[in-house]
Every structure is written in C-alpha cells, then in structure tokens.
2 protein chains.
Amino acid sequence: MRTPVAQRTVAQIKAMISDGEVGPGQQLPTERDLSVRLGVSRGSVREAIRSLTTLGVLEVRHGAGVYVTALRPADLLEAFSVLAEVSRDETLLEVLQVRRMIEPAATAVAAARATPEDLERIGALLDDMEDGSGPREPAEHGAADLGFHQAIVACAGNATLSAVHAGLSSRTFNERVWAGHGEAGLTETLHEDHRRIHEALLARDPEAARAAAAAHVLRVERWLGARTSPGQEEA
Amino acid sequence: MRTPVAQRTVAQIKAMISDGEVGPGQQLPTERDLSVRLGVSRGSVREAIRSLTTLGVLEVRHGAGVYVTALRPADLLEAFSVLAEVSRDETLLEVLQVRRMIEPAATAVAAARATPEDLERIGALLDDMEDGSGPREPAEHGAADLGFHQAIVACAGNATLSAVHAGLSSRTFNERVWAGHGEAGLTETLHEDHRRIHEALLARDPEAARAAAAAHVLRVERWLGARTSPGQEEA
DNA sequence: GGGGGCAAGTGGTCGGACCACTTTGACATG
DNA sequence: CATGTCAAAGTGGTCCGACCACTTGCCCCC
C-alpha cells in the first residue's frame, strides 16, 4: 500500500464509524488494541485519533478512553473557528460578507421564536455590555458583543446555524473592532445598533430584526473596508 | 502548566504564525528543531502538526519540510466538509435551513457579478444536467446538481462563501435527494427550478435570482422534512 | 556541459518505557 | 450492614532512540 499509514488508519477508523461498529457516544477500542488490530504502531494510531479529534469526530478522555462524539454539527464545526482566528483583513471582509447573509436571516427567525426567557437573557447581556460605560478594555467589549450575537442566533434553534456563525465570529476580531471604534468614538453607535436589534426582538418583528441586524453588520463591514483600503469602496 | 503538552504546542505554533515569524507559504522549522526549541518530544510536535494539518493551516511534504498554507478560507474549510458527510437526516434539515439563508443571497450577488463566461459555463452545466434525460444514475444527477450550484456561488467572488457553501453541500446528500425525487417523479420540477435560476442570472435580476434560489432550497427542505417525519410540519 | 548517482536532511514509522489520570472494587471502618 | 478509603488495574499522555522513505542538491564521472 502506497498510502501513508496514518492516513490509512484515519480511513479505517472512519469506516468503523460508518459501518456502525461504533456509534455516536460509544467507546473506541483502546489505542493499544487498535494498534494491534490495524497492524500499525501506537504512535500512528494516536496521530489518526488526533486528526479525527481535531475534526470533532472523536473525543479523548484521559485515562478513560476514546469516544465517538454525538456527531452533532456543533461538534464538527468547533474546529472551524480557526478561520476567523488566523485570517487577515482581506479575508475578514469576506467573512463579514457571509455574516451579512446569515445574521439578518438568523435574527429574523430569532424574533419569531425567542422565548420570554431568551429575551430576558439577551436584555441582560445588553445591559451588561452598556453598563459601566467608563473606559473598558476592548477585550471585554468584544467578548460581550460576541455573546450578545451568539445568544440571538441561538434563539433560532438551529445548532448548525449557531456553529457556522460561531466559526465566522471570533473574539480576537471583535476586540479589534471595538478598539477601532473606540478610537473613532463610534462606541455609542454600535450600542444603538444593538438596542435597535433588541427592540425588534421584543416587538417580535422579524423584518425589523432583519433590517437592524443587516445594518449592524454592514456598518462593521464598511468600517473594516475603509480601514483596509482607505478611499476604496468594497465591491 | 496543567495544559497538555500537545495542545500547548499547537498554540505555540499558531502563535508563530500569528506573530509573523512564519508567513503563508513559508517553511516551518524541522520537527526536530521544533522539539528542541519548544522543549517537547518530537512525537508531540508531530501530533500538533498533524492537528494543524487537519485544520488546513499547515501542509507537510515528505522529505521536504512542513509549510504554512496560503491560509485561504478554502484551505481552512476543506476539512469542514466532513459535516455533510457524517450527518443524518435530522441535522440535514438544519443544514438546509442554513443553505436557505445563504444560497438566495449568494445567487443574488452572482446575478449582479457573473461575467458572460460564467453565465456560459453555468448554462453548459445546466444543459449537461438535463441532457440525456433518459434514466440516469442519481449519483450523476447529484454531482451535476452540486456543480451547478457551486458554480453559481463561485460567481459571487467570495472564496469564504464558496467554502462555507461547499461544507454545507455534499455529493452523497444530493444523490439521496435525486434518488428520492426520481421515485416521486419530481425530477422535472427540480429542472424547472434550475432553469428559473439560470434565467434570472441571464437577466441580471438579483431579486428574481434570490427568489428562485430560495424557492429551490425550500422545495428540497420541505421534501426532506416530509420524508423525515411524515405529516409533521417543520417549525 | 550534461547526466547519473551518492549523501545529507527531511518527514514517516516503529517499539518500548514511563508518567498522569480515571475507574473500579476490595477492604477496613463506623 | 452501610459507607468511606485507597490501592491496583487500565487508559491515554509523553518521552526517547532507532530506523525507513522520500526529497533535494551537490559532486563526480562521462
């Protein structure tokens, strides 16, 4: 066989899952057993497991064994958040464009589906974000902002949607945005956007929520675009 | 440090990239050098590299070294396609809901930005899909269908968008859809949807394109919903 | 000057050893 | 008899050193 051992091992473990030999939540044979059964070294087995763990297919519990995850989209998309982490400004523009497609729709659905408890929790997040309006760290603002939007998307009741959205968001990026807006004195503007979104949710008005969310993302997108290539309109 | 060595090593390598010590396309220090520099064993370094390779951040060339990828969204989202691979029906409904948010918007942008060459190529794909209308394999239909939609999304000129869309699509799922529609005799209905989308693109009418794409995805979504839980409307 | 092949350097794999953690059940204790 | 304790077994986590497979580039020979 010309194919690398580790790669083949990955395929064989995936096959064990596809064939139903081990289902979601079940325990895989031990690393030592697998190395014997597949005829490869334990190190290679570990690399294969590491790969599938990174993909969110397997979960390792030190001292307890290797398990197949529930294979829910959230599991498989966790790794996906590296995107926004290592991306640079140009690709962040692309990411924001995608968010501008998703978030308005998600916010609209949230407006229709949010429970009173959801709305209360989101309101609390909003108050917390605006509270202590003194000079706060951009990191705090960024984290709070992220939580606010993720809570809204979560109301849509679609775990895949939440996972995709999380992948397209990132704490580090939000920090940059808040730092930049702090310089430009636009902090209050973002808070207004948030309040408008919240009001639309309270009013259970999907279209207003969609519009408010779209305006919000577009504002950030424009800001980043101007910052990346001043004086050049983004296509 | 309580954190596992391998995990810390992943973070340190990521930091080397973030800090600009090694840029896209550049070569990383050798595994042996890294193991010395980071004070961990070569095996742990290899596991960290394996993890980042799986994520599409690094690329390994046997005998030649480890390199940072271009860090393009397409690189980072390749792994992401496992989602549609291992997902089952219930989560496919969620996936389709997300596609219903993305694809209409993407198709609208495509209508505005597609070049004449793009339109010609898409038309050819469409003809090819409908051509030979005799009894074809669902696999063929599924692959052609996938290519058609991906070509349209590509016209939007957003690599991140294309990558996300690719992750939410899958050949195997499309095969199931076409097999199911073949049984129900709805093949022609899907072809009509496609023609309507294509006409909107030719007319450079974003809103018509958006509507046609939304109707198309919704049709598939409804079909899957009815098939998954007959007689129960999807919330 | 061109071609072939050798050698150094790289990742790929292996085996064994030991460490850290979890789980379990036998044991002593109340 | 119930219960808490802890020791042992089993698991993943890490390390080391050796050797194999592949790439690259230099050097030698023609």
Side-chain angles (χ1 to χ4, degrees), chain A residues 1-17 21-70 75 78-79, chain B residues 1-17 21-70 75 78-79:
Chain A
M1 185 99 60
R2 316 281 309 177
T3 64
V5 173
Q7 180 181 329
R8 194 196 335 159
T9 306
V10 169
Q12 284 176 299
I13 294 179
K14 268 202 287 195
M16 289 174 64
I17 298 174
E21 186 175 336
V22 286
Q26 290 185 355
Q27 181 175 1
L28 225 61
T30 68
E31 294 180 350
R32 291 168 177 86
D33 285 349
L34 278 175
S35 81
V36 171
R37 165 173 170 171
L38 303 180
V40 301
S41 77
R42 191 183 157 210
S44 298
V45 170
R46 278 186 61 77
E47 288 200 26
I49 291 175
R50 163 80 54 185
S51 187
L52 290 170
T53 300
T54 302
L55 288 176
V57 174
L58 297 180
E59 177 192 0
V60 173
R61 303 179 200 164
H62 189 174
V66 181
Y67 295 78
V68 179
T69 67
D75 301 320
E78 197 165 345
Chain B
M1 183 99 63
R2 315 280 309 178
T3 64
V5 173
Q7 179 181 329
R8 191 191 341 152
T9 305
V10 169
Q12 285 175 298
I13 294 180
K14 270 200 287 194
M16 290 175 62
I17 298 174
E21 188 176 334
V22 287
Q26 290 185 354
Q27 181 175 3
L28 225 62
T30 66
E31 294 180 350
R32 291 167 176 88
D33 285 350
L34 277 175
S35 80
V36 171
R37 165 174 172 171
L38 301 179
V40 301
S41 77
R42 193 182 156 208
S44 298
V45 171
R46 279 186 60 79
E47 288 199 25
I49 290 176
R50 163 79 56 184
S51 187
L52 289 170
T53 299
T54 303
L55 289 175
V57 174
L58 297 180
E59 177 193 358
V60 173
R61 305 180 199 162
H62 190 174
V66 182
Y67 295 79
V68 180
T69 67
D75 300 321
E78 195 166 346

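A quick note: this is a predicted structure, and the numbers were derived from the prediction, not measured. Numbers restart at 1 for each chain; the letters A, B, ... are given by sequence-line order, proteins then strands.
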Student: Among dT14(D), dG11(C), dC18(C), which nucleotide has an atom closest to any side-chain atom of Pro4(B)?
Tutor: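 The closest nucleotide is dT14(D).
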Student: For Glu59(B) and dT23(D), give me the distance from atom CD to atom P, rounded to whole Å.
Tutor: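 Checked: the CD to P distance equals 13 Å.
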Student: Is there side-chain contact between Leu58(B) and Val68(B), with heavy atoms separated by less than 4.5 Å?
Tutor: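 The answer is yes, as the side chains (C-beta and beyond) meet within the 4.5 Å cut-off.
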Student: So, does Thr3(B) use its side chain to make a donor-acceptor pair with the main chain of Arg8(B) at under 3.5 Å?
Tutor: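 Looks like no, no N/O pair under 3.5 Å.
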Student: Starting from P on dT22(C), measure out to OH on Tyr67(A) and report it in whole angstrom.
Tutor: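 Spelled out: OH on Tyr67(A) to P on dT22(C) is 12 Å.
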Student: So, do Leu34(A) and Val66(A) sit near enough that their side-chain heavy atoms are less than 4.5 Å apart?
Tutor: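 No, side chains not in contact.
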Student: Is it the case that the side chain of Ser51(B) and the backbone of Thr54(A) share a donor-acceptor pair, with hydrogens and angles ignored and the cut-off at 3.5 Å?
Tutor: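 Side chain of Ser51(B) to backbone of Thr54(A), a donor-acceptor pair under 3.5 Å: no, none is there.
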Student: Name the residue closer to the 5' end of DNA chain C, choosing between Ala64(A) and Pro29(B) according to the nucleotide with the nearest heavy atom.
Tutor: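 Its nearest nucleotide being more 5', the pick is Pro29(B).
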Student: In whole angstroms, how far is the C1' atom of dC22(D) from the CD atom of Gln7(A)?
Tutor: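 From Gln7(A) CD to dC22(D) C1': 16 Å.
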Student: Under the side chain to side chain donor-acceptor pair (under 3.5 Å) test, which residues partner Arg46(A), sequence neighbours left out?
Tutor: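 Testing Arg46(A) for side chain to side chain donor-acceptor pair (under 3.5 Å), a comparison that skips the adjacent residues, returns Glu31(A), Glu47(B).
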Student: Given that Gly63(A) and Val5(A) both sit by DNA chain C, which one's nearest nucleotide is further toward the 5' end?
Tutor: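 Result of the comparison: Val5(A).
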Student: Taking the side chain from Gln7(B) and the backbone from Pro4(B), do they hold a donor-acceptor pair closer than 3.5 Å?
Tutor: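 The answer is no, because no donor-acceptor pair under 3.5 Å joins these two groups.
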Student: Rounded to the nearest Å, what distance is computed from the CG atom of residue Asp33(B) to the C1' atom of nucleotide dA8(C)?
Tutor: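 Answer to the nearest Å: 15 Å.
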Student: Can you confirm whether Leu52(B) sits close enough to Lys14(B) that some side-chain heavy atom of one is under 4.5 Å from a side-chain heavy atom of the other?
Tutor: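 SC-SC contact between Leu52(B) and Lys14(B) confirmed.
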Student: Going by heavy atoms closer than 4.0 Å, what residues in residues 35-54 of chain B are next to DNA chain C?
Tutor: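 Going residue by residue through residues 35-54 of chain B, the ones with a heavy atom under 4.0 Å of DNA chain C turn out to be Arg42(B), Arg46(B).
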Student: Expressed as a whole number of angstroms, how long is the span from Gln27(A):CD to dT22(C):P?
Tutor: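 From Gln27(A) CD to dT22(C) P: 15 Å.
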Student: Between dT11(D) atom C1' and Leu34(A) atom CG, what is the distance in whole Å?
Tutor: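 In whole Å, dT11(D) C1' lies 13 Å from Leu34(A) CG.
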Student: How many whole angstroms separate atom NE2 of His62(A) from atom P of dC21(C)?
Tutor: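 It is 6 Å, rounded to the nearest whole Å.
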Student: Checking contacts here: which listed nucleotide (dT14(D), dT10(C), dG13(D)) is nearest the side-chain heavy atoms of Arg32(B)?
Tutor: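 Looking only at heavy atoms from C-beta outward on Arg32(B), the closest nucleotide is dT10(C).
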Student: Whole angstrom is fine here: how far is it from CZ in Arg61(B) over to C1' in dG9(C)?
Tutor: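 Taking atom C1' of dG9(C) as the reference, CZ of Arg61(B) is at 16 Å.
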